[in-house]
Amino acid sequence: MNDRHKRHMPFRPRTAAILLSALCSSAALGTPTVETFISAIRPSADVGAVDVDLRLLNGEPAATAMTLPPRLEAEVTIDGQVVHAWLERSSGSPATVRIPAGGFSRAQYRLRLPASSPSQKHASLSIMGWAAPPVAFDIPSAPRIAQAYACSTGLASDAGPADAKAVAPAPSDRSAGNAFLANLSAYEPIYAVYGPGTNTEARIQLSFKYQLLGYRAQQDKARSLPNGLYFAYTQRMFWDVGAKSSPFRNVDYQPELFYLSPPLTLSSGATVSAQAGLRHESNGRDGTASRSLNTVYVAPMAAIPLSGGYRLTLAPRLWLYAGDLGDNPDIRRYRGNTGLFAEIGKDDGLRLSTSTRFNFGSGKGSVAADISYPLSRVLGGGPDFYLFGQSFVGYGENLLDYHRRTTRLRIGVALVR
């Protein structure tokens, strides 16, 4: 890179785009045909942070969609000292952007500067995994940060920091004062589906995961293995809508603690990772209806890009039962110790997911399949849901009926697929 590209860039609200900076590697954001640049760095309304604008260029003859990760791992170098940091996707940037053929779209991330950062010092930003040199910039002074904040909140643009009034967040904004909210993310699908004619006509699932040490990584601590530690919770409700008083036939509760290894991108564009953890499952009932079990599992995973924007994900799983199985001593016969998750689809289109459990000794097991499609593409706008179809064949759709063979077909909507 020549001397012109190495110049430090002061923060000016109207500074031209940094178009010659930070071309990412082909798989950095998950879409091989899209080139991603840092196009601008600007003072943020969030004091102590800066906004990083990305430009997403699609050089292909067909439109494509890109899923933007909630965080990008980065390093900030200040006066020769390297600190670990995270770029957080701004609330105004959607999770998925559509990029026209031969055109571009934009995305915005926010970088929180280290608390000890001096003002008017030279720094550089590099994003982990990007095949590009660091981008040089100057850390803004406190008055300039205050001026940017005043502009963003509608205060007089010539107001100094002493004149700026504190602006309270909206009363409904639960993100204010919740520093760890960025640690929370989707885990398994979230949906509500219905299929008449059975004693479990409706099925509802809620699920999330929480990165236990995510905030530590965000606060510029050194990267370490414990950052992959997660807590997750999934709840499945089986609702007998057609019965008198419409009771829930069963509710399965599934908390777990697991470790997720950092993803590794291969030269082919495939991404591999692994997950291992301890899972508890129970239905919270007593007497003969009580069901509970604990398993220790390991699941290697691979995501493989295919032509046409499709992606194949494979995740075999092996588990061992731990502790007392007194509530259901023969559950191993019906659930086995092995399973396979397989999924194929497009981020902005059709997706098919399958999950199996099998006992090679008894020949018993189950196969579940979900198919989904963005509802907005059907209605030309509409609610932000996915059309969601679900099927199940085999033993143990829920814990209460682990030894009963059932067949279920349901349809509904999903928030997360």
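None of these values were measured; they are calculated from a predicted model.
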Novice: Report yes or no: is the cationic atom of R291 (NZ for Lys, CZ for Arg) closer than 6.0 Å to the six-membered ring centre of Y402, at no more than 45° off its axis?
Specialist: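 That pair does not qualify as a cation-pi contact.
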Novice: Applying side chain to side chain contact (heavy atoms under 4.5 Å, CB included) between T77 and each of V83, L125, V82, report the one that passes.
Specialist: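 That would be V82; it is the only one of V83, L125, V82 passing the side chain to side chain contact (heavy atoms under 4.5 Å, CB included) with T77.
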Novice: Hey, does D401 have a side-chain heavy atom less than 4.5 Å from the side chain of R249?
Specialist: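 Yes. Closest side-chain heavy atoms under 4.5 Å.
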Novice: So, are D370 and R417 salt-bridged, with charged N and O less than 4.0 Å apart?
Specialist: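 The answer is no: the pair does not qualify as a salt bridge.
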Novice: Quick one: closest heavy-atom pair of Y395 and R357, and the distance?
Specialist: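 Looking at all heavy atoms of both residues, the shortest contact is O-NH2, 3.3 Å.
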Novice: For a 4.5 angstrom cut-off between non-hydrogen side-chain atoms, does L57 reach T36?
Specialist: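 SC-SC contact between L57 and T36 ruled out.
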Novice: Report yes or no: does W319 contribute a side-chain atom to a donor-acceptor pair with the main-chain N or O of G336 at less than 3.5 Å?
Specialist: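 Looks like yes, one N/O pair under 3.5 Å.
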Novice: Aromatic contact between F258 and Y230, with the criterion being ring centroids under 6.0 Å apart: yes or no?
Specialist: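 Yes - the distance between ring centres of F258 and Y230 falls below the 6.0 Å cut-off.
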Novice: How far apart are the C-alpha atoms of S282 and S292, what are their side-chain angles, what is the distance that settles it, and do they pass the side chain to side chain donor-acceptor pair (under 3.5 Å) test?
Specialist: CA-CA 4 Å; S282 64; S292 67; over 6 Å; no
Novice: Let's go through N58 and T64 carefully: what are the C-alpha distance in whole Å and the side-chain angles of both, what is the deciding distance for side chain to side chain donor-acceptor pair (under 3.5 Å) to 0.1 Å, and is it a yes or a no?
Specialist: CA-CA 8 Å; N58 178 15; T64 188; 5.6 Å; no
Novice: Ignoring hydrogens and angles, tell me if any N or O in the side chain of K364 forms a donor-acceptor pair with the backbone of R333 under 3.5 Å.
Specialist: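 Not confirmed, K364 side chain does not pair with R333 backbone.
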Novice: Would you name the heavy atoms of G361 and N359 that are closest together and state the gap between them?
Specialist: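 The answer is N-OD1, 2.7 Å.
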Novice: Could you report the tightest heavy-atom contact between A74 and L87, atom names first, then the distance?
Specialist: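 Minimum heavy-atom separation between A74 and L87: CB-CG, 4.4 Å.
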Novice: Taking 4.0 angstrom as the limit, do D53 and R106 come out as a salt bridge?
Specialist: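 Salt bridge between D53 and R106, a charged N being under 4.0 Å from a carboxylate O: no.
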Novice: Please check: side-chain N/O of T313 versus main-chain N/O of A303, any donor-acceptor pairing under 3.5 Å?
Specialist: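 It does not hold such a pair.
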Novice: Quick check: do L56 and V97 have side-chain heavy atoms less than 4.5 Å from each other?
Specialist: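 A side-chain contact under 4.5 Å exists here.
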Novice: Distance from F238 atom CZ to L399 atom CG, nearest 0.5 Å?
Specialist: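 One gets 8.5 Å once the value is rounded to the nearest 0.5 Å.
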Novice: Provide the closest heavy-atom pair for F388 versus A414 in the form atom of the first, atom of the second, distance.
Specialist: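 Closest heavy-atom pair between F388 and A414: CD1-CB, 3.6 Å.
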Novice: Determine, step by step, whether F231 and Y233 satisfy the ring pair (Phe, Tyr, Trp, His ring centres under 6.0 Å) criterion, reporting the C-alpha distance in whole Å, the side-chain angles of both residues, the deciding distance to 0.1 Å, and the verdict.
Specialist: CA-CA 7 Å; F231 167 79; Y233 178 78; 7.1 Å; no
Novice: With rounding to the nearest 0.5 angstrom, report the CD1 to OH distance, I344 to Y310.
Specialist: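 Answer rounded to 0.5 Å: 8.0 Å.
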Novice: Can you list the steps and then say if E256 with Y187 is a side chain to side chain donor-acceptor pair (under 3.5 Å)?
Specialist: CA-CA 11 Å; E256 59 186 291; Y187 186 44; 3.2 Å; yes
Novice: Considering only heavy atoms from C-beta outward, does the side chain of P70 approach that of S185 to under 4.5 Å?
Specialist: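 Of all side-chain heavy-atom pairs linking S185 with P70, none is under 4.5 Å.
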Novice: Can a donor-acceptor pair be found, under 3.5 Å and without considering hydrogens, that links the side chain of E281 to the backbone of D252?
Specialist: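 Side chain of E281 to backbone of D252, a donor-acceptor pair under 3.5 Å: no, none is there.
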Novice: May I ask you to test the F392-T407 pair for a side-chain heavy-atom distance under 4.5 Å?
Specialist: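 They are not in contact (no side-chain heavy atoms under 4.5 Å apart), so the answer is no.
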Novice: Backbone N or O of Q254 within a donor-acceptor pair of the T234 side chain at under 3.5 Å?
Specialist: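 Side chain of T234 to backbone of Q254, a donor-acceptor pair under 3.5 Å: no, none is there.
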Novice: With heavy-atom distances below 4.5 Å as the criterion, would you say the side chains of I331 and Y321 are in contact?
Specialist: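 Yes, close enough: below the 4.5 Å cut-off.
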Novice: Just do the side chain to side chain donor-acceptor pair (under 3.5 Å) check on N283 and N250 with the steps written out, would you?
Specialist: CA-CA 7 Å; N283 65 352; N250 195 65; 3.2 Å; yes
Novice: From T271 OG1 over to I304 CD1, what is the distance, rounded to the nearest 0.5 angstrom?
Specialist: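 Reported value, rounded in 0.5 Å steps: 10.0 Å.
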Novice: Would you name the heavy atoms of A49 and R110 that are closest together and state the gap between them?
Specialist: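 For A49 versus R110, the nearest heavy atoms are CB-CG, 3.9 Å.
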Novice: Where is the tightest heavy-atom contact between T96 and T67, given as atom of each residue plus distance?
Specialist: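 Nearest heavy atoms, T96 then T67: OG1-OG1, 3.8 Å.
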Novice: Within the structure provided, determine whether D327 and L293 are in side-chain contact (heavy-atom separation under 4.5 Å).
Specialist: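 D327 vs L293: side chains apart.
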Novice: So, taking the atom named OH in Y386 and the one named CZ in R377, what distance separates them when rounded to the nearest 0.5 Å?
Specialist: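 Y386 atom OH to R377 atom CZ measures 11.0 Å (nearest 0.5 Å).
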Novice: State whether the side chain of S290 and the backbone N or O of R285 hold a donor-acceptor pair below 3.5 Å, judged by distance alone.
Specialist: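 Yes, the answer is positive, given that a donor and an acceptor are paired below the 3.5 Å cut-off.
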Novice: Has W239 got a side-chain atom pairing as donor or acceptor with T200's backbone, closer than 3.5 angstrom?
Specialist: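 Not confirmed, W239 side chain does not pair with T200 backbone.
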Novice: For V298, is there any backbone N or O sitting under 3.5 Å from a side-chain donor or acceptor partner on Q275?
Specialist: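 No.
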Novice: Using the benzene-type ring in the case of Trp, are the ring centres of F208 and Y210 under 6.0 Å apart?
Specialist: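 Ring centres of Y210 and F208 not closer than 6.0 Å.
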Novice: When rounded to the nearest 0.5 angstrom, what distance separates CG in L184 from CG in N178?
Specialist: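 It comes to 10.0 Å.
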Novice: Quick one: pull up OG1 in T198 and CG in D240 and give me the separation to the nearest 0.5 Å.
Specialist: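 These two atoms lie 7.0 Å from each other.
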Novice: Taking T356 for the side chain and L340 for the main chain, is one N or O donor matched with an acceptor at less than 3.5 Å?
Specialist: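 Yes; at least one donor-acceptor contact below 3.5 Å.
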Novice: May I ask you to establish whether R89 and Y109 are in a cation-pi arrangement, using a distance under 6.0 Å from NZ or CZ to the six-membered ring centre and at most 45° from the ring axis?
Specialist: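 Judged by the rule (NZ or CZ under 6.0 Å from the ring centre, within 45° of its axis), R89 is not positioned above Y109.
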Novice: Among R335, R410, R236, R405, find the one that has a salt bridge (Lys or Arg N to Asp or Glu O under 4.0 Å) with E397.
Specialist: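 That would be R410.
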Novice: With the side chain counted from C-beta on, respond yes when S268 and P305 share a heavy-atom pair under 4.5 Å apart, and no when they do not.
Specialist: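 Not touching, per the 4.5 Å side-chain cut-off.
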